Amino acid sequence: MMTALALARRGLGRVSPNPAVGCVVLDPGGAVAGRGWTQPGGRPHAETEALARAGIAARGGTAYVSLEPCAHHGETPPCADALVAAGIARAVIATEDPDSRVSGAGIAKLEEAGIETRVGIGRRDAERLNAGFLMRINSGRPLVTLKCATTLDGRIATHSGESQWITGEVARTWAHGFRANHDAVLTGASTVRVDDPELTCRLPGMGDHTPLRVVLDTRLTTPLTANLVSTARQHPTCLITVKDANDQRKAVFVDCGVEVIEVLADDGGRPDVEAALGVLADRGITRVLAEGGGQVAAALLRANVVDRIAWFRAPAVIGGDGIPVAAGFGVDSLSDMPRFERRWEFAAGVDSLEIFERLGGAGRH
Ligand code: AOF
Ligand code: ZN
C-alpha cells in the first residue's frame, strides 16, 4: 500500500478534480505484476493502468488501491468491474471514495463478485494524500497550503520592501516542486506589483506542471506589463476581483488572455477569500498553494482556511521594522489564534522547511 500511495502522489497537481490514486497488482505468487496511477487530466484511472500492465498475471492476484475503485460509468468503465473482469482474488483498499457516484458502491461490487476485500489499510496516509479531493467534496473548497519564506523572525522583506532573496536556491527549488503538485497558486495584486513573479514551475522537464495562476486583485491594478499577464496565453491565469469591476479594465485583461472572475467583497472591500475558494472549487481546483504577501496570508488566516503551512526559514534576522509574514488579522486573545502542529521538517540547503497542519483540521482524520 505504501507503494500504491507513492505512485498516487505522482498525480497530485495534474489530475484535478479527480483524486490522485495509485494501484499495485500482485500475481498469485505475490510478485508485482503491474503498477498504475491516475494519469494527467484525471484519466485513465490507476487501476486500469495497473491491470493493463499486469495482463493475465492479475488472475488470482491481489490489487492494492489507495482509494475505493470507482463504480460509475464515466468516460471509462468502472474500475471495480475491471478488477472483477481481470480475475483479481483479493483487494486491499486504503479508504472509501466519498464521490456520490462511488461511495461504497465500488467496494460492494468487489464483494458481490466474491473478491476478498479489506478496507482501511493506510487510511490516514491516503486521506492526507487526497485531502484536497476530500475537502472539495466534503466542504466545497480546495485544500489551502500557505507557503512562506521568511527570516527567523518571520519577516518577508525589509521596511523598504526588499525581499529577493531571503531564502536560498535550494528552498526556491523546493517551492517550484510545491507549485508542481498543486492545481492553483494564489497571490495578491501587491505581490505581483512588487515582485512580478511568474508563478510557473521551472523545474527541468516539468514546465507543463505550472498550476492555474490566480491573483486576488480588488481594483484590477495588476500591471499589464506583469509577467503573469504577458505569459497568460501559455499558462492559464485569472484575476479574482470584486463584483461590479470596471468593464473597460476587465476587457483589457480578457484581451491579454487573463480570465477575470468577480466575487463578493468582504467587509474590507476586498474579494472575499471564501467566495474565491468556492469559485476555484467549482472549477475543479482541489489544491491551492498560497504564495502571496502579508495581506493574502492574513485574509486566509482570518477566514480560518489555512489547512497547511510550508514555512521556509532562512537563518537570518531582519528585525521589527521588516514586513511581517502576515498582516494583522484580528487576534486579540491567544484563544483566537489559529494553531498548527508540525508534521515534517527538512533541511533545504542553508534554510529549513517545516510543514504544519492545522490542529484538528485538514489532513488529520
Ligand atoms: C478510481 N481510480 O484513479 C481515480 C478515481 O470523471 P471520471 O469518470 O474520471 O470519474 C471521476 C471520479 O472517479 C472521481 O470523482 C473519483 O470518485 C474517481 N476517481 N477512481 O477508481 C482513479 N482517479
Ligand atoms: Zn476508476
Side-chain angles (χ1 to χ4, degrees), residues 1-26 33-54 58 61-88 90-113 115 117-123 125-143 181-183 280-287 365:
M1 186 58 84
M2 295 314 286
T3 306
L5 286 163
L7 295 170
R9 197 162 286 117
R10 298 179 178 191
L12 288 178
R14 313 201 73 198
V15 298
S16 67
N18 279 0
V21 182
C23 176
V24 178
V25 172
L26 304 186
R35 306 177 309 147
W37 57 96
T38 312
Q39 293 298 294
R43 285 177 218 100
H45 289 180
E47 300 88 322
T48 327
E49 292 280 295
L51 289 171
R53 283 174 180 77
T62 301
Y64 285 83
V65 199
S66 64
L67 187 74
E68 175 181 3
C70 66
H72 65 286
H73 285 268
E75 279 177 36
T76 47
C79 290
D81 292 0
L83 290 165
V84 173
I88 289 288
R90 208 163 74 93
V92 185
I93 296 166
T95 189
E96 294 83 359
D97 181 349
D99 184 308
S100 59
R101 297 168 296 177
V102 186
S103 191
I107 292 166
K109 270 181 186 263
L110 301 180
E111 284 174 343
E112 278 157 25
I115 295 180
T117 305
R118 230 181 125 174
V119 185
I121 305 296
R123 183 190 297 280
D125 289 326
E127 288 182 346
R128 185 169 276 132
L129 178 76
N130 269 314
F133 168 75
L134 299 174
M135 179 73 81
R136 178 171 173 272
I137 291 197
N138 296 327
S139 311
R141 71 165 176 86
L143 182 85
N181 65 29
H182 284 77
D183 307 328
L280 293 177
D282 290 345
R283 282 151 191 259
I285 300 293
T286 63
R287 292 165 57 85
H365 298 272

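Bear in mind that the values here come from a model prediction, so they are computed numbers and not experimental data. Ligands are counted one by one from 1 in listed order, and the atoms in each one are counted from 1 as well.
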Any idea which atoms of ligand 1 are less than 4.0 Å away from a heavy-atom of [X]?
| X | value |
| --- | --- |
| Asp97 | 16 (C), 17 (O), 18 (C) |
| Cys79 | 21 (O) |
| Pro69 | 21 (O) |
| Val102 | 17 (O) |
| Arg101 | 10 (O), 11 (C), 12 (C), 15 (O) |
| Cys70 | 1 (C), 20 (N), 21 (O) |
| Thr38 | 3 (O), 22 (C), 23 (N) |
| Gly74 | 8 (O) |

Check for me whether Phe133 has a heavy atom closer than 4.0 Å to any atom of ligand 1.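 Yes, Phe133 has a heavy atom closer than 4.0 Å to ligand 1.
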
Using distance alone, decide if ligand 1 has a nitrogen or oxygen within less than 3.5 Å of any nitrogen or oxygen in [X].
| X | value |
| --- | --- |
| Ala46 | yes |
| Pro19 | yes |
| Thr76 | no |

Any idea which heavy atoms bring [X] and [Y] closest together, and the distance?
| X | Y | answer |
| --- | --- | --- |
| Arg287 | Leu129 | NH1-O, 4.2 Å |
| Gly22 | Leu7 | CA-CB, 4.3 Å |
| Leu143 | Gly132 | CB-CA, 3.6 Å |
| Thr95 | Ala126 | CG2-CB, 3.9 Å |
| Asp183 | Gly284 | OD2-O, 4.5 Å |

Could you tell me the residue and atom name of the protein heavy atom closest to [atom], and the distance to it rounded to 0.1 Å?
| atom | result |
| --- | --- |
| atom 2 (N) of ligand 1 | Glu47 OE1, 2.8 Å |
| atom 20 (N) of ligand 1 | His45 ND1, 3.4 Å |
| atom 6 (O) of ligand 1 | Arg43 NH2, 2.7 Å |
| atom 15 (O) of ligand 1 | Asp99 OD2, 2.6 Å |
| atom 8 (O) of ligand 1 | His72 NE2, 3.2 Å |
| atom 11 (C) of ligand 1 | Asn18 OD1, 3.0 Å |

Given Thr286, which partner from the list Arg136, Met135, Arg141, His182 fulfils the side-chain contact (heavy atoms from CB on, under 4.5 Å) test?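 Of the listed options, the one satisfying the test is Arg136.
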
Among the N, O or S atoms of His45, the one nearest the Zn ion (ligand 2):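 Looking only at N, O and S atoms of His45, the one nearest the Zn ion (ligand 2) is named ND1.
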
Salt bridge present between Glu49 and Arg43 (N-O < 4.0 angstrom):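 No.
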
Side chain proximity check, [X] to [Y], heavy atoms < 4.5 angstrom:
| X | Y | value |
| --- | --- | --- |
| Arg90 | Leu26 | no |
| Val84 | Lys109 | no |
| Cys23 | Arg35 | no |

Does atom CZ of Arg118 have more than 12 heavy-atom neighbours, drawn from other residues, nucleotides or ligands, at distances under 6.0 Å?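 Counting other residues, nucleotides and ligands, CZ of Arg118 stays at 12 neighbours or fewer.
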
Among Val21, Asn130, Val15, closest by any non-hydrogen atom to atom 4 (C) of ligand 1: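 Ranked by closest heavy atom to atom 4 (C) of ligand 1, first place is Val21.
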
So, Glu68 side chain and Gly104 main chain: donor-acceptor pair closer than 3.5 Å or not?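 Confirmed, Glu68 side chain pairs with Gly104 backbone.
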
